[in-house]
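Heavy atoms only: backbone and side chains are in, while hydrogens, waters and symmetry mates are out. To find a chain, count down the sequence lines: A is the first, B the second, and so on, and within it residues start at 1.
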Amino acid sequence: MNYWLFKSEPDEYSLDDLASEPDQTGRWDGIRNYQARNFLRDKVNAGDGVLFYHSACKVPAVVGTAEVMRAAYPDPAQLDPESPYFDPKASDENPRWYCVDIRWQSQFARAVPLAEIKQHPALADMVLVKQGRLSIQPVTAAEWSLLLQLGTGAGPGL
DNA sequence: GCCAACGTTGGC
DNA sequence: GCCAACGTTGGC
């Protein structure tokens, strides 16, 4: 059982968008970065926990959680010429990109902003803090439970 | 909208 | 395989 942080721009796909999918389950596709792809393809398993993070918005923050329902399979968008995620170098036999299915699990009572995560001594080593641009990243069990705690409504100082 | 950090591309 | 040029991410 592993923990992850998935980034999404809420204008593109928010936690609410996931919640309104049929069965509250959506495909996490469009990942076109090799480091993120490798995590997805090799490490993300069904049952893993996901911190849902909103990026490129007014208050970047962890806003809730999701659960991985299906481990990696080839991202269909790479073969669709109409898709913005189309990749001419990918094929059925040799897919380059992968996606997973995740299901909405919870919305935090209080979103935990990046600014607060950066300030928190116990969260200073998060990949989110150290490597700003990675859209799929591992989270430790300790970071996971602390984030959940902060998200239940306890303030930063508590 | 700016810009720093980082990733990717392509010439050589 | 190096590296310059360019593109993208994402915080501020």
Side-chain angles (χ1 to χ4, degrees), chain A residues 2-21 26-44 48-66 68 72-102 104-140 142-144 146-151 154-157:
Chain A
N2 294 312
Y3 300 103
W4 306 96
L5 182 145
F6 285 12
K7 285 187 192 174
S8 186
E9 304 187 15
D11 288 346
E12 296 295 321
Y13 194 85
S14 69
L15 182 60
D16 281 345
D17 291 330
L18 178 60
S20 43
E21 297 270 13
R27 173 183 293 155
W28 203 262
D29 59 2
I31 298 299
R32 294 294 181 270
N33 166 284
Y34 287 105
Q35 210 181 341
R37 191 277 310 266
N38 292 344
F39 280 129
L40 260 195
R41 188 189 54 190
D42 305 333
K43 299 281 168 61
V44 177
D48 285 358
V50 174
L51 294 173
F52 201 107
Y53 179 85
H54 282 172
S55 68
C57 54
K58 282 225 176 77
V59 184
V62 177
V63 293
T65 64
V68 177
Y73 57 101
D75 183 348
Q78 67 192 309
L79 302 175
D80 174 8
E82 301 297 307
S83 166
Y85 299 121
F86 176 66
D87 184 342
K89 291 179 185 159
S91 67
D92 250 329
E93 307 77 47
N94 278 308
R96 292 177 115 187
W97 307 111
Y98 289 80
C99 57
V100 297
D101 291 347
I102 65 171
W104 184 93
Q105 189 174 60
S106 74
Q107 175 162 7
F108 283 177
R110 186 184 75 88
V112 183
L114 176 62
E116 182 181 326
I117 291 170
K118 282 180 166 173
Q119 263 185 302
H120 204 297
L123 299 175
D125 286 334
M126 281 189 77
V127 180
L128 183 67
V129 176
K130 301 205 139 172
Q131 188 180 345
R133 301 191 341 147
L134 188 58
S135 60
I136 305 269
Q137 47 179 267
V139 169
T140 68
E143 290 161 353
W144 169 268
L146 181 50
L147 256 304
L148 256 59
Q149 215 174 302
L150 294 170

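Remark: C1' of C/dT9 and CD of A/Glu12 are 13 Å apart, rounded to the nearest angstrom. Between the NZ atom of A/Lys7 and the P atom of C/dT9 there is a distance of 11 Å, rounded to whole Å. Taking atom CG of A/Leu128 as the reference point, atom P of C/dT9 lies 16 Å away to the nearest angstrom. When rounded to the nearest whole Å, the span between CD1 of A/Ile117 and P of C/dG10 equals 14 Å. Rounded to whole angstrom, the span from the CD atom of A/Gln137 across to the C1' atom of B/dC6 amounts to 14 Å. Straight-line distance from the CG atom of A/Asp87 to the C1' atom of B/dG7: 15 Å, rounded to whole Å. Distance CD (A/Gln35) to P (B/dA5): 17 Å, rounded to an integer number of Å. In this structure, A/Lys58 atom NZ and B/dG1 atom P are separated by 14 Å, rounded to whole Å.
Contact annotation: A/Lys89 side-chain N/O to B/dT8 OP1/OP2 distance is not under 4.0 Å.
Note: A/Phe39 CZ to A/Ile31 CD1 = 12.0 Å, rounded to the nearest 0.5 Å.
Within the 4.0 angstrom heavy-atom criterion, no nucleotide atom of any strand lies near A/Glu9.
Of the candidates C/dG11, B/dT8, C/dG10, the closest approach to any side-chain atom of A/Tyr34 belongs to B/dT8.
The pair A/Asp48-A/Lys43 does not meet the salt-bridge criterion, since no charged nitrogen lies less than 4.0 angstrom from a carboxylate oxygen.
In this structure, the side chain of A/Gln137 engages the main chain of A/Leu128 through a donor-acceptor pair within 3.5 Å.
For the salt bridge (charged side-chain N to carboxylate O under 4.0 Å, His left out) with A/Asp75, the qualifying choice from A/Arg32, A/Arg41, A/Arg96 is A/Arg32, the only one to do so.
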